[in-house]
Amino acid sequence: VLIVQNDRTFSGFGRQIQGDLVESLPGVTVRLHGQRNIPAIGQARTLEDAATVNEDSIYDALSALADASPAAWLDNELHWLNKSPSRHTD
């Protein structure tokens, strides 16, 4: 699960949603994506784009989440997804 918020990721609504998901779905992989943790956002457009959430940063966060290992699934009722039946019988 990817949660995107247009704010800093420290102690916000996104963290609360992330915590609720982790508590209700043990073993779920949840990532929070938001603004970079810097003291202020520059007024120049290039500085603002580098600090805030935009399409490229969301795409990068989704790609990183897609590349993550599904090992967390083994801790909940979805453990059977890790073992697919073989087409070959021995």
Side-chain angles (χ1 to χ4, degrees):
V1 176
L2 179 65
I3 301 167
V4 178
Q5 67 176 20
N6 197 17
D7 197 0
R8 290 175 179 81
T9 58
F10 177 77
S11 182
F13 288 114
R15 286 287 180 205
Q16 181 64 45
I17 294 168
Q18 183 181 29
D20 291 345
L21 281 171
V22 169
E23 285 181 359
S24 62
L25 299 169
V28 69
T29 302
V30 182
R31 299 283 188 263
L32 179 61
H33 178 66
Q35 291 179 354
R36 295 183 61 188
N37 191 17
I38 55 176
I41 297 174
Q43 291 183 341
R45 187 64 171 171
T46 55
L47 295 175
E48 182 180 348
D49 288 343
T52 58
V53 175
N54 56 39
E55 288 181 25
D56 293 334
S57 67
I58 294 171
Y59 178 80
D60 292 341
L62 278 172
S63 295
L65 185 60
D67 292 339
S69 172
W73 294 353
L74 298 177
D75 294 337
N76 63 27
E77 67 275 1
L78 301 175
H79 63 87
W80 58 270
L81 289 173
N82 193 35
K83 299 178 180 125
S84 61
S86 173
R87 292 187 299 179
H88 306 288
T89 56
D90 295 318

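Following chains of ILVMFWY side-chain contacts shorter than 4.5 Å, one cannot reach Ile38 starting from Phe10, and the two form parts of different hydrophobic clusters.
The two residues Ile3 and Gly14 have their closest heavy-atom pair at CD1-O, 4.0 Å.
A donor-acceptor distance shorter than 3.5 angstrom exists from the side chain of Gln18 to the backbone of Val30, with no hydrogens or angles considered.
Two residues are said to be in side-chain contact when any heavy atoms from C-beta on lie closer than 4.5 Å; Ile58 and Val53 meet this criterion.
Among residue pairs with one or both ends in residues 5-30, none qualify as salt bridge (charged side-chain N to carboxylate O under 4.0 Å, His left out); sequence neighbours excluded.
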Practice task
May I have the step-by-step check of side chain to side chain contact (heavy atoms under 4.5 Å, CB included) for Thr9 and His33, ending in yes or no?
Solution key: CA-CA 7 Å; Thr9 58; His33 178 66; 6.0 Å; no

Handout entry: Val1 vs Ile17, side chain to side chain contact (heavy atoms under 4.5 Å, CB included): CA-CA, chis, key distance, verdict
Key = CA-CA 11 Å; Val1 176; Ile17 294 168; over 6 Å; no

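Applying the side-chain hydrogen bond (donor to acceptor under 3.5 Å, both in side chains) criterion to Asn54, with sequence neighbours excluded, gives Ser57.
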